Each structure stands twice: as C-alpha cells, then as structure tokens.
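Report on one structure; see the data block that follows.
The chains referred to below are lettered A, B, ... by the order of the sequence lines, with proteins before strands, and numbering in each begins at 1. Computed from a predicted model, the values in this text were never measured in an experiment.
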Amino acid sequence: MSEIRNYTLNFGPQHPSAHGVLRLVLELDGETVERADPHIGLLHRATEKLAETRTWVQSVPYMDRLDYVSTMCNEHAYCMAIEKMLGIEVPERAQYIRVMFDEVTRLLNHLLWIGCHGLDVGAMTMALYTFRDREDLMDVYESVSGARLHAAYFRPGGVYRDLPDMMPKYEVSPWKDAKRVAELNQNRQGSLLDFLEDFTNRFPAYLDDYHNLLTDNRIWKQRLVGIGVVSPERALNMGLTGAMLRGSGIAWDLRKKQPYEVYDRLDFDIPVGTNGDSYDRYLVRMEEMAQSNRIIKQCIAWLRDNPGPVITSDYKVAPPPRESMKSNMEELIHHFKLFTEGIHVPENDCYAAIEHPKGEFGIYLSSDGANKPYRMKIRAPGFAHLAALEEMSRGHMIADVVTIIGTQDIVFGEVDR
Amino acid sequence: MTQNTQTLADTLQQVLGGAIVRSKQALGEVTIDVAAADYHAAALKLRDAAGLKFDQMIDLCGMDYSTYGGKESHEKRFAVVVHLLSVELNQRVRVRVYAPDDQMPVVDSIVDVWTAANWFEREAFDLFGILFVNHPDLRRILTDYGFVGHPFRKDFPVSGYVEMRYDDEQKRVIYQPVTIEPRENTPRIVREETYGEPAR
C-alpha cells in the first residue's frame, strides 16, 4: 500500500479566480483543504505612507486606487474624516449627490461581483450581462468626473462640481452608422439625472433576469449552498462587516445604525440572511442592489427640485469660484494658499467609517496641525474578510475555495493598500 | 454618530478604573490610553463587561510618534491604536497603548480576544516593528519576501532603500540601491499658535 501524504498547492498569484494577486498556499489532504495560508501584499503601494507626504486634498485620488471597483465610496470615507476634524458642514445638495453616487458605486461593485463570482463558479454568461449594465453606470461616472473608474469627484467640503445638464453623445464613425448612433443616443437627450433615471427604470428587469439565471439554478445552488458557513458569533469575532455579517443574520448596516449624510431621510430596507453560507450572502447582495436602485430614485427626485451649492463656501477648505478669484484680492490669497500649502487640519484624532459595498470602510486620521496628515490608517473590509478565509475554507474541497474567495468579494487594491 | 460620549466614558471609567491612564472625548469619539501591563486584561473587560460589549475589533494599527508636531522630543515613540465597535450597543471606542520600550517595542497580543486582530497585528509588526507577545504566527504580511526594515517608521524614507529591476545581461530580476532622488514639492508646515492674528 502506498504512503498517503498531504501535499501543498500554490494557488495564484496569477490565477483568474484569485481576483488579482492572491497567492494562496493550500495544504491538501486529497482534495480537502487542511490549511490555507494567503500571502498578500503583492499589490502593496504604501498608500498610508504616501499620504503622509501629500497635502490633505492630494490624497483623494489615492483613495480611488484602493478598492478600484467602488472608487467613490473610498473617497467618501476620506472626505468625511477630514470634514469631521475640520468641523465643516457639507451643503445638502452635495450630500444627496454623494449618497446617489455611493449607491451607483454599490451597483457597480455588486454587478462586477456577481459577474466575476458567476464566472468563477461556472456561470459564464453573468459577466457578459453585468458588464452591459456597468457600461451605463460608468458613463454616469464619466459625465460627472471625466473618468470612468478613478473619479476623484468628492472633495473635503462637498463634491468637485454640480451634475452636468447634458450627457455626452455617440458620434457617427466607421463602426457605427447614423441609425445605430441614434439608437444609442436615445436616452442621452436630457441631463445626467434623466439618463440615470432611465437606467433605474430598466434595472429591476435586469435584476429579475439575474435571479432567473441564478437563484433557482441547480448548479449554482450546488456550488453555493452550505459553502463557507459563518456563525454570527464567529462573524463578529473575525471582524466581518457588510454583506458578510448580514449574511450570517446580524442586521448591521452603518447607513441605518450610524447614519451619515442624508441616509436617515431615505427609505430603504436592510436584507439579512439566515444560514450564513455563500448562497445567503449572494441573496443579500442581490437584494442590496434592488435597495440601491430605490435610493438612487429618491435622490434623483430630490436633486431635480433642489438646486444649490455643492461645495462648502469656507475658502479655507475649498477654493473660491474662479471668477471671484480673478477680481478679489482676498479670494486670490485664499486660492494661492490652498494650492501651494493646502488646508490645515487642527490637531486631533478621528475615525470615520461608511458602509462601503464590501463592508465597513474606515479612515483613521491623526493630525498634528500640519498641512499633511501625521498618520492615516485605512480600515479595509477585504483585509479582515481575507483573514477569515482559512477558517471558512477548512474542510472544504479545493473548488469551494474559489467559491469562498468569490463570496468574500475580494479586491486586492484595498487588501494590500 | 449620535452616541453619548459622556455615558460611555463613565462606564469605561467604572469598569476599567485604574487601567485607564488618560481618557479623552473629542468629535463625538472616546479615546482611552491604557498602560501596556493592563492592556490584555482591559481588552477582555471591554469585550465582555455589561455596558461595553465591544464584540468587534474593527481596526488595529501601529503608530510612530517620533516626529509628532514637528518636535524631536516625545514621551514614548510607538503605540498601538485599536478601534472597537459594539454591534449590540451601537458604540465605538478607541484604545491606545504605548509600548514601554522605544528600542524594542513590545505589546501583548489580543488575538485570543478577537480573532480579527491576527492579521492586523501582523501588519503592525511588519510596518512598525512592534512585537506582539503570544501572537500565534507573527510573520511579515504586506512587504516583499526578504524585506529588511520597517517601512512605516518615520525614519524610513518614502522611496525606500532598494529597488528591483530586470537585468538584461544576467537575465534575471535583481535588487539594487535606489536611484531615485527624494523630492518634496510642498513642505510640511505646522503653523505657529498666533498665525493669522493681527500683529501687535
């Protein structure tokens, strides 16, 4: 009889289902996982150290590069932390715009997640459909910030600019004739809000399609039900947040429990799972998308009726309008000081957290009164989730590890920072 | 957030008593400083005591206070800052513990209290060189295999000491001393107390 030995398998760092640069050292007994040791840091860029050498506003674009599929939420946490320390008030319209884009971001994130999760588990078509929807939302990003992914749209004190009155349109090219272009431009005739509203009206039907494709799909259920079960007690102790915590049956959502911006004025529900397995987390995230759609609609309705400023008028924090800068001495000085020296944040410590699509995303800032942070710590939800991978995957088959990585919604930009 | 910081501060004082070296309330947040010797016992109380019930460890990070406020002198150099969240009572607290020895910063590990601390402590060890007693697996986590030094310490340059490139002659990846020159476009300024006040 031959000797039976455990063997060690390197999973990644260039494996498509490792969601980026995860190197996972798996110790296997046959096909069963005995030990999983994730090696991370392959995408470590020392964002926190870099932020110490930049002024407060210069670090905003770095935030985009953390979780690069939900960029605006990262900026939101960072801006909120600075605002908290400065004690400034954000104009109401800016708060609604922020909330609206947070939810657009949540849709973007969850659509990518369901696409990739499906792809990992064997439901190829999902990615094709979700990327169709993401295209519209990225056009929304682009029309407001000029960038499809790394927006850098939020600023301490508000947002960079107001929503545009018109959407960019397709033009006739050798690849698109006049008829096709007219078709594509049909819902781009009005403002950004019109375009987004058109999307929110179409989206529930898309979501139904995804439910039809997956929710009762036998293969999908075989791959997800009972995989990576986390009890509520362990979920808390392991620091899981967001959908990972709600999937285990704990109704915890910062948007409801510690509301920021205007979430306390909006009407939405928090979906909660019961079994704490991958399938429940899937259902929770699917329902979150429906709720995000609801929030976006409410924000659109409010934003249509209420024009106003979108960034604070405190010129020690946000630059004055260009026109007054050109004609007014004091504004000119403010402008000059802001762009050479930056804002000064009074000495204090502060932690601000938001309900990021992946969980609780927090920024801990320590300022000693300078024009740069003394220390910034990014609390990334994915970091704690990936740490729980070993416990979640022990005793499962190797193919289930892929499911668990998918259900954790790992993005390496934020895990490695 | 609308937590009543005074009530929480009172409860903390009641439960932890002498373990609290300093307590501070600012911006709707409570910060307590705990001595390194009492740290582990305080963590257990923070998790279990009624009125506290901090069931989640949200964040743990290292701090290097060596250049704080632009001054050279400082009481203790290294600290560990922990953020706790109570899902049950919906409250947060920040716990700071200074490492007693600047040359060899050592702090108790709280992995046995909150499993979540495992990777966060590995990160603080990797980036700041803070050692955690009784940590089950204190390895580097974010930096490269074979990395030397602790990059988030204030005396570690932003550009680092070594760089990696592909060498065409040797046909392999090599490490060499950095060739970039550090540059600072915007100097770091802490304004004097009387800044902006009219001159006398």
Side-chain angles (χ1 to χ4, degrees), chain A residues 37-42 44 46 48-50 52-55 58 84-85 87 233-241 245 250 252 254 257-260 340-342 344 347-353 360 362 364 366 368-372 374-375 377-379 383-384 386-388 391 415-417, chain B residues 1-3 24 26-29 31 47 55-65 67-71 81 83 85 87-88 90 92 94 96 113-120 122-123 126-127 137 140-145 151-152 154 156 158 160 182 184-191 195:
Chain A
D37 182 18
H39 287 213
I40 63 165
L42 283 89
H44 180 57
E48 295 160 12
K49 179 104 176 168
L50 284 171
E52 289 168 16
T53 63
R54 302 285 187 278
T55 62
Q58 279 174 344
K84 199 169 169 185
M85 291 176 95
E233 297 77 34
R234 289 305 298 157
L236 284 173
N237 201 269
M238 290 194 292
L240 305 188
T241 46
L245 191 61
I250 295 172
W252 178 261
L254 292 178
K257 301 288 179 177
Q258 298 172 4
Y260 48 94
T340 51
E341 199 178 302
H344 279 258
E347 181 178 350
N348 220 330
D349 284 8
C350 149
Y351 178 81
E360 174 174 332
Y364 169 51
S366 180
D368 57 353
N371 54 345
K372 299 174 180 184
Y374 184 74
R375 166 106 167 96
K377 171 71 170 59
I378 302 153
R379 194 275 171 192
F383 189 74
L386 195 61
E391 194 173 319
V415 174
D416 292 346
R417 282 159 289 150
Chain B
M1 191 162 62
T2 51
Q3 73 175 15
K24 186 185 163 197
L27 307 173
E29 297 175 23
T31 311
R47 186 188 65 178
D55 39 23
Q56 258 196 330
M57 199 222 69
I58 283 293
D59 187 34
L60 183 149
C61 68
M63 283 289 271
D64 176 359
Y65 282 107
T67 59
Y68 194 81
K71 296 180 207 78
V81 180
H83 287 91
L85 166 71
V87 165
E88 198 180 322
N90 195 3
R92 288 178 191 275
R94 172 162 46 241
R96 180 165 40 203
V113 186
W114 293 282
T115 317
N118 188 335
W119 276 25
F120 286 100
R122 277 177 69 185
E123 185 193 321
D126 189 0
L127 303 178
D137 183 22
R140 283 185 181 274
I141 185 162
L142 287 177
T143 51
D144 199 359
Y145 303 112
F152 277 31
K154 289 286 177 183
F156 194 97
V158 178
E184 187 157 58
N185 293 327
T186 318
R188 182 188 177 84
I189 303 163
V190 181
R191 281 179 180 166
Y195 183 87

Quick check: do B:Tyr68 and A:Glu347 have side-chain heavy atoms less than 4.5 Å from each other?
yes
Is the ring pair B:Tyr65/A:Tyr374 parallel, tilted or perpendicular, if the boundaries are 30 and 60 degrees?
parallel
Pairwise side-chain contact, B:Cys61 with A:Arg375, heavy-atom cut-off 4.5 Å (strictly under)
yes
Heavy-atom closest contact (A:Asp368 atom, B:Thr67 atom, distance):
OD2-O, 4.2 Å
For chain A, which of B:Ile141, B:Val158, B:Asn118 has the most heavy-atom pairs under 4.5 Å?
B:Ile141
Give, for atom CZ of A:Arg379 and atom CZ of B:Phe120, the distance between the pair rounded to the nearest 0.5 Å.
5.0 Å
Counting heavy-atom pairs closer than 4.5 Å to chain B, which one of A:Ala384, A:Cys350, A:Gly369 comes out on top?
A:Cys350
Less than 4.0 angstrom from a charged side-chain N to a carboxylate O is my criterion; do A:Glu52 and B:Lys154 meet it?
yes
For chain B, which candidate among A:Thr53, A:Asn348, A:Leu240 shows the most heavy-atom pairs at distances under 4.5 Å?
A:Asn348
Treating B:Glu29 as the side-chain partner and A:Tyr351 as the backbone partner, does any N or O pair qualify as donor plus acceptor under 3.5 Å?
yes
Heavy-atom distances under 4.5 Å only: say whether B:Val81 touches chain A with side chain, backbone, both or neither.
side chain
Compare every heavy atom of B:Phe156 with every heavy atom of A:Lys49, then report the nearest pair and how far apart it is.
NZ-O, 2.8 Å
Taking side chain as C-beta onward, heavy atoms only, is A:Gln258 less than 4.5 Å from B:Arg92?
yes
Taking all non-hydrogen atoms of both residues, which atom of A:Gly239 and which atom of B:Ala116 are closest, and how far apart?
N-CB, 3.7 Å
Decide yes or no on side-chain contact (heavy atoms from CB on, under 4.5 Å) for A:Glu360 and B:Asp59, but give the supporting numbers first.
CA-CA 10 Å; A:Glu360 174 174 332; B:Asp59 187 34; over 6 Å; no
Interface moiety of A:Tyr260 toward chain B, non-hydrogen atoms closer than 4.5 Å:
neither
Should A:Asp416 and B:Leu142 count as side-chain neighbours, where that means a heavy-atom distance under 4.5 Å?
yes
Heavy-atom donor-acceptor pair, A:Asn237 side chain to B:Val113 backbone, under 3.5 Å:
yes
Any non-hydrogen side-chain atom of A:Gln58 less than 4.5 Å from a side-chain atom of B:Asn185?
no
Contact class of B:Asp55 relative to chain A, heavy atoms under 4.5 angstrom:
both
Specify which of B:Asp64, B:Asp126, B:Leu60, B:Thr31 makes the most heavy-atom pairs with chain A at under 4.5 Å.
B:Asp64
Quick check on A:Leu386 against chain B: is it the side chain, the backbone, both or neither that has a heavy atom closer than 4.5 Å?
both
On a heavy-atom basis, the closest approach of A:Thr241 and B:Ile58 is CG2-CD1, 4.1 Å
Tell me the closest heavy-atom pair linking B:Gln56 and A:Ala235, and the distance in Å.
NE2-O, 4.0 Å
Top of A:Ile250, A:Leu245, A:Leu236 for chain B proximity - count of heavy-atom pairs under 4.5 angstrom:
A:Leu236
Answer yes when A:Asp349 and B:Arg96 have at least one side-chain N-carboxylate O distance shorter than 4.0 Å, and no when they do not.
yes
Heaviest contributor of heavy-atom pairs below 4.5 Å to chain A, chosen from B:Glu184, B:Arg94, B:Arg122, B:Arg47, is B:Arg94
Is it the side chain or the backbone of A:Thr340 that comes within 4.5 Å of chain B heavy atoms, both, or neither?
backbone
Do B:Leu85 and A:Lys257 come close enough that some side-chain heavy atom pair is under 4.5 Å?
no
With only heavy atoms counted, which part of B:Arg140 is less than 4.5 Å from chain A, the side chain, the backbone, both or neither?
neither
Is the backbone N or O of B:Thr186 less than 3.5 Å from a side-chain atom of A:Lys372, with the two atoms forming a donor-acceptor pair by type?
yes
What part of B:Tyr145 gets within 4.5 angstrom of chain A, counting heavy atoms only: side chain, backbone, both, or neither?
side chain
Looking at A:Glu341 and B:Pro187, would you say the former's side chain and the latter's main chain have a donor-acceptor pair under 3.5 Å?
no
How about B:Thr115 and A:Arg234: do any of their side-chain heavy atoms sit closer than 4.5 Å?
yes
